[in-house]
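All chains are named by letter (A, B, ...) in the order of the sequence lines, taking the proteins before the strands, and each is independently numbered beginning at 1.
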Protein chains: 2
Amino acid sequence: MSDHYHHGNLRQALIDAGVKIINESGEENLSLRKVAALCEVSHAAPYSHFKDKEELVEAIKAHVTGQFMTELEKAVSEASSAEKALVDMGRNYVAFFVRRPDYFKFLFSGQNIVAHIQPGKDYEEDYPPFVLLKETYQKYLAENKISRTKEEQEVDILKLWSSAHGLASIACMSGVEVSFDWEKKIATEELLR
Amino acid sequence: MSDHYHHGNLRQALIDAGVKIINESGEENLSLRKVAALCEVSHAAPYSHFKDKEELVEAIKAHVTGQFMTELEKAVSEASSAEKALVDMGRNYVAFFVRRPDYFKFLFSGQNIVAHIQPGKDYEEDYPPFVLLKETYQKYLAENKISRTKEEQEVDILKLWSSAHGLASIACMSGVEVSFDWEKKIATEELLR
DNA sequence: GCATCAATCTTTACACTGTCAAGTTTCGAG
DNA sequence: CTCGAAACTTGACAGTGTAAAGATTGATGC
């Protein structure tokens, strides 16, 4: 049995299997043993790569957050101005989760929003979507020669973030029809004046 | 053993025990068997009152949502105008969950936002906080003699709801300090013009 | 006052879960 | 070639939700 030991890249395989399970049968069916079975490996094998179920889940979250980030980055790179970038980031933020409500539930239904963000931690430095929002906002201030205090900036950023996140949350958790014409419901433009 | 059968009001006792467990050791420790044990009842007793663990959880959520509602109703009853009521509802919405982030996680971290709201269901009629928001918004339109189309109204309501919910979500899930001066961060006023 | 019945609760059992401890295989450094 | 560490297996355990079957109770009709 040369197959059974030293799988090759089991760590990544476990993460991929986790994503697959979530896609096919929802987060509630995500178990260590099923993930291991999908990789044709014994039920305790994951413990060689993750100390916990939690640690595997966080790794999967980081993976999904990666996909989410490429959506946000696309908005930034394709926008002609920083202001448009902010608006489009909001749109893509909601659009990503409207297409994948299961991902929303998975990412934001645990103890911590994502592995990067933990109560008391320095989320501002570590959580990629937040970093991108912050940078884009700064660029927006510079382009339009707007000067705001540190505190005003924090408030602005939080408003931008929470309006998109709130809409995504309601769309994903309540079955409200945001998928149709949801673009009108993004309040980013209003918040920027 | 006259004590062991016919508990009296086991259904409510189970709900209360569930709330107690969530308060003391978090949602992750909420199990049917612990709830039953707290009521000094066998581990299968809950099945006389709830068909599922899910059904018990939904009952607990409805109970907590009740407490949440009294907070929102207070904002409405104490406000001098409908416009102020809308603003204060937003404040109290966030304030409630800032004080009890565990409640936010519990209410909005499951399959369905609350028992009342289920994908495809008529959430508009059944979810008390939403009904209250809708009524107050209508009063606001009437008081200020504003006329808006059905669709514009839906968009407005969704913006109001999502801005408060988004801020609460970020406050509860990410450890961002919204507790201090969070009142400045409510965008309700801006959204009303 | 008594039998009966449905509701309520207990007991037992099962499959599934996360986790740990101990053993087995394999790779690679010395 | 050896041998230690890393990767994986096997076996076990407590805790979970749930179903089936039996026990107890209060209420109802006679």
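- A heavy-atom distance below 4.0 Å to DNA chain D is reached by these residues of residues 30-39 of chain B, ordered by number: B/Ser31, B/Leu32, B/Arg33, B/Lys34.
- With rounding to whole Å, B/Leu56 atom CG is found 14 Å from D/dT16 atom P.
- Using a 4.0 Å cut-off between charged nitrogen and carboxylate oxygen, A/Arg99 and A/Glu71 count as a salt-bridge pair.
- Rounded to a whole Å, the CZ atom of A/Arg11 is 16 Å from the P atom of D/dA6.
- Residues of residues 42-52 of chain A that place a heavy atom closer than 4.0 Å to DNA chain C, in numerical order, are A/His43, A/Ala44, A/Tyr47, A/Asp52.
- Atom pair B/Asn29:CG and C/dG18:C1' shows a separation of 14 Å (rounding to whole Å applied).
- Distance, B/Lys53 NZ to C/dC16 C1': 14 Å, rounded to whole Å.
- When the P atom of D/dT18 is taken as reference, atom CD of B/Glu55 falls 11 Å away, rounded to whole Å.
- Whole-Å rounding puts the A/Leu14 CG to D/dA7 P distance at 12 Å.
- Rounded to whole angstrom, the span from the CD1 atom of A/Ile21 across to the C1' atom of C/dT17 amounts to 13 Å.
- Between the side chain of A/Glu143 and the backbone N or O of A/Lys139, no donor-acceptor pair lies under 3.5 Å.
- Residues A/Tyr93 and A/Phe68 place their aromatic rings such that the two centres sit under 6.0 Å apart.
- The aromatic ring centroids of B/Phe97 and B/Phe106 lie 6.0 Å or more from each other.
- Smallest separation of non-hydrogen atoms from B/Leu191 and B/Lys159: CD1-O, 3.6 Å.
- Remark: aromatic rings of A/Phe104 and A/His165 are close, center separation under 6.0 Å.
- Residues that satisfy the side chain to side chain contact (heavy atoms under 4.5 Å, CB included) test with B/Arg148, not counting sequence neighbours, are B/Tyr137, B/Leu141, B/Ile146, B/Glu152, B/Gln153, B/Asp156.
- At a cut-off of 3.5 Å, with distance as the only test, no side-chain donor of B/Asp52 or B/Tyr47 sits close to an acceptor on the other residue.
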